[in-house]
Protein chains: 2
Amino acid sequence: MSTTIFDVARVCGYSKTTISRAFASPEMVSVETRNIIYAAAKQVNYTPDAIARAMVRKKTNNLGFIVSDQQYPVVLNPFYSPVFEGVLQVGRERGYSVFIASEKDIQLPTGQVYVKKQMDGVIICGQTEQSIIESFRSQNIPVVLLNNVFDMEDLICITLDHYGGTVKAIEHLLEQGKRDIAIISGHFSPYVYNERFRGYTDTLKNHGIPINEAFIKTVEPTMAEAMHTAQQLLSLKHRPDAIFATNDLIAIGAVKIALRAHIAIPKDIAIVGFDDSNFSEIIEPELTTVRIDKEEMGKLAAGKLIDILEKNSTGKQVHVCGTQLIIRGTA
Amino acid sequence: MSTTIFDVARVCGYSKTTISRAFASPEMVSVETRNIIYAAAKQVNYTPDAIARAMVRKKTNNLGFIVSDQQYPVVLNPFYSPVFEGVLQVGRERGYSVFIASEKDIQLPTGQVYVKKQMDGVIICGQTEQSIIESFRSQNIPVVLLNNVFDMEDLICITLDHYGGTVKAIEHLLEQGKRDIAIISGHFSPYVYNERFRGYTDTLKNHGIPINEAFIKTVEPTMAEAMHTAQQLLSLKHRPDAIFATNDLIAIGAVKIALRAHIAIPKDIAIVGFDDSNFSEIIEPELTTVRIDKEEMGKLAAGKLIDILEKNSTGKQVHVCGTQLIIRGTA
DNA sequence: CTGTTAGCGCTTTCAC
DNA sequence: GTGAAAGCGCTAACAG
């Protein structure tokens with residue numbers, strides 16, 4: 001039996017109402033009373049029960065951070081970990097806890113989303129479906145979409161400048177005098193994939209460089225596949241003098257292959273990644289890559305979500321976070 | 001206004017109780033009735049309200065995963081991420097969601113732990129204090145301690161064989177003919193630090209090798225500090241021929257320094273890490289390191305915690321997870 | 001197999 | 001500034 005507001009009432013003689021107020025809205029209770037109540041509470045080891053509170057307030061002060069389980073590690077990878085840290089941080093500042101779950105966790109066997117109404121709002125990351133978003137909304141759970149963009153009414157999307165980031169990367173390579181630039185695309189969501197790919201082809205075209213089909217590869221973003229594909233590329237009779245990889249892991253696979261083949265980096269093969277994940281400074285030489293402020297994305301998403309929750313703000317918005325080329329040792 | 005069990009009752013004519021049972025314990029309701037109810041529920045877009053359920057059952061089916069905020073990234077780092085994945089997985093299998101929070105998140109301004117009673121039990125990771133554990137317990141929240149060991153009644157601790165893992169690492173180095181083995185210890189919790197350090201000194205002593213004070217270093221586990229310290233070690237007039245680092249990040253710092261100084265790895269300097277984090281295969285040459293099955297630790301912790309919750313199992317237990325030396329390119 | 005009755009612990013009108 | 005009463009949405013006895 002845990003102690004309730006009632007036990008405190010018995011000890012100090014005040015009514016349940018007053019005890020409740022002393023904790024929920026202290027300013028409504030005189031200072032003396034408050035202190036008496038706090039002392040009594042401490043004596044019986046009382047802590048407000050958030051469940052009961054949530055029940056009557058119809059608000060849990062919990063947020064959900066939902067990642068599709070298309071990838072492994074399921075929820076925590078070099079990209080989403082910092083995003084999550086950002087979410088956690090503004091959550092803390094504004095009084096929200098956060099659940100983390102994969103999409104699988106929130107589906108009923110029937111396929112219906114079962115939010116259990118234990119979250120006031122959710123941030124959905126990456127790949128998902130419109131029906132999932134609608135499912136949340138039909139239960140009055142606002143959603144913010146992160147790293148993906150859907151054209152839905154009143155939907156806030158936090159995305160980043162995949163296209164522009166890619167352009168920066170390719171132009172940097174061009175400036176280094178590279179002309180035979182290959183691309184290894186990770187098999188991400190169509191939106192991300194297309195934006196980055198378009199950045200690559202457009203930039204090349206703009207500089208009058210023909211697209212070489214042999215230099216275009218798509219892989220599952222695993223180290224093994226990346227290495228395998230880099231190997232193929234470097235074995236070509238006419239091999240590329242640069243590789244742009246659409247994430248750091250893939251880029252690192254390419255670096256490793258070049259290192260093992262003793263091909264000089266960046267002289268004979270330049271390599272640029274994308275994300276500036278915590279892997280990028282592990283490899284030696286360190287990776288030149290396109291940085292995105294992942295923690296900032298998380299903060300933005302959480303902030304917007306809480307704004308909706310508290311201010312009933314609405315309105316469709318697409319926030320595009322900027323990118324920055326970080327030049328290190330590989331290009 | 002979200003729909004309640006009452007709305008469903010009105011649509012299909014059954015009582016609230018029956019509706020409730022159709023969702024909470026389907027086997028108590030006839031198949032036909034159930035289908036009628038489900039249809040009605042779908043019609044009004046009804047989903048059970050987990051808060052109300054938790055309120056009466058006094059059980060939330062939520063677990064807390066608490067990481068001290070001594071480190072950055074606060075909650076998600078190469079060590080705890082896989083642990084968390086393990087927790088999530090058994091949580092999903094057994095019907096629990098999981099909150100993730102740093103210690104800061106769960107403290108009231110008064111310093112008291114405020115669990116908000118929204119978690120049935122918690123897994124506390126790494127550094128913490130006995131008072132925190134007691135605080136949870138006084139609110140009837142069982143705790144499982146992970147990667148730390150306290151001598152408390154009925155406390156289940158999930159730890160790993162720091163000592164044995166270190167012995168394996170040092171003996172491997174010895175087998176390779178190394179005799180001047182340095183250690184760079186990360187500044188972890190006393191328990192972890194001491195166990196690993198003891199493994200180092202004991203093994204050396206057992207092989208009749210004197211301890212060289214100049215080869216003993218302690219650092220904050222950051223790349224910068226690791227590199228700085230490795231630099232010092234490699235600049236010694238009589239420099240070590242091997243370095244054992246108490247985590248992978250530190251080991252990688254040493255590898256990078258050796259690479260930059262063109263000291264042959266592992267011929268002139270062998271390096272062994274600890275953890276087998278996802279960094280270990282990023283660096284080239286890949287890191288020889290002591291593997292611990294982090295995901296397994298998470299699964300074990302979650303499993304034990306849920307056992308306590310559901311079976312009221314108790315009893316003090318210390319689970320020591322094994323380690324395995326993974327020989328790659330650096331030693 | 002289904003319905004009735006009581007709450008779970010808290011907050012919130014509405015009084016005083 | 002404080003109290004009394006009502007009820008949030010659900011489940012758990014206990015009947016029938």
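Labels below follow one simple rule: chain letters A, B, ... track the order of the sequence lines, proteins then strands, and each chain is numbered from 1.
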Query raised in the report: Hey, do the aromatic rings of Tyr38(A) and Phe23(A) have their centres closer than 6.0 Å?
Result: yes
Query raised in the report: Between dG3(C), dT11(C), dT13(C), which one does the side chain of Tyr14(B) approach most closely?
Result: dG3(C)
**Report entry** Salt bridge Glu85(A)-Lys294(A), side-chain N to carboxylate O under 4.0 Å
**Finding:** no
Report task. Give the ring-plane orientation class for Phe99(A) versus Phe99(B), where under 30° counts as parallel, over 60° as perpendicular and anything between as tilted. Result -> parallel
Report task. Give the rounded distance in Å between these two atoms: NZ of Lys16(B) and P of dC1(C). Result -> 22 Å
Query raised in the report: Whole-Å distance between dG9(C) P and Arg10(A) CZ?
Result: 12 Å
Query raised in the report: Atom NZ of Lys59(A) and atom P of dG9(D): how far apart are they, to the nearest Å?
Result: 17 Å
Requested in this report: Looking at every strand, decide which applies to Thr17(B) at a 4.0 Å heavy-atom threshold: base, sugar-phosphate, or nothing.
Outcome: base
Report task. Return the value, rounded to whole Å, for the distance between atom CD of Gln118(B) and atom P of dC10(C). Result -> 13 Å
**Report entry** Short side-chain N/O contact from Lys58(B) to OP1 or OP2 of dG9(C), under 4.0 Å
**Finding:** yes
Query raised in the report: Are the charged groups of Lys59(A) and Asp120(A) less than 4.0 angstrom apart, N to O?
Result: yes
**Report entry** Residue closer to the 5' end of DNA chain C, Glu27(B) versus Arg57(A) (nearest nucleotide)
**Finding:** Glu27(B)
Query raised in the report: Met55(B) has an atom CE; how far is it from atom P of dA6(C), in whole Å?
Result: 18 Å
Report task. Evaluate whether atom NE2 of His319(B) has more than 12 neighbouring non-hydrogen atoms of other residues, nucleotides or ligands under 6.0 angstrom away. Result -> yes
Report task. Look at Ser15(B) and dG3(C) and indicate whether a side-chain polar atom (N or O) is within less than 4.0 Å of OP1 or OP2. Result -> yes
Requested in this report: For dT2(C), take OP1 and OP2 only and decide whether either is under 4.0 Å from a side-chain N or O of Thr33(B).
Outcome: yes
Report summary line: To the nearest angstrom, the CG-P distance between Asn61(A) and dT11(C) comes to 12 Å
Query raised in the report: Quick one: is Ser30(A) getting a side-chain N or O under 4.0 Å of the dT2(D) phosphate, OP1 or OP2?
Result: yes
**Report entry** Among dC10(D), dT11(C), dT11(D), the one nearest Asp49(B) by side-chain distance
**Finding:** dC10(D)
**Report entry** Whole-Å distance separating the CZ atom of Arg21(A) from the P atom of dT13(C)
**Finding:** 11 Å
Query raised in the report: So what does Ser25(A) touch, heavy atoms closer than 4.0 Å: a base, only the sugar-phosphate, or nothing?
Result: nothing
Requested in this report: Indicate, yes or no, whether a donor-acceptor pair under 3.5 Å links the base of dG1(D) to the side chain of Arg34(A).
Outcome: no
Query raised in the report: When the distance from CD of Gln139(B) to P of dG9(C) is rounded to whole Å, what number comes out?
Result: 14 Å
Requested in this report: Look at all strands and tell whether Ser20(B) reaches a base, only sugar-phosphate, or nothing, counting heavy atoms closer than 4.0 Å.
Outcome: base
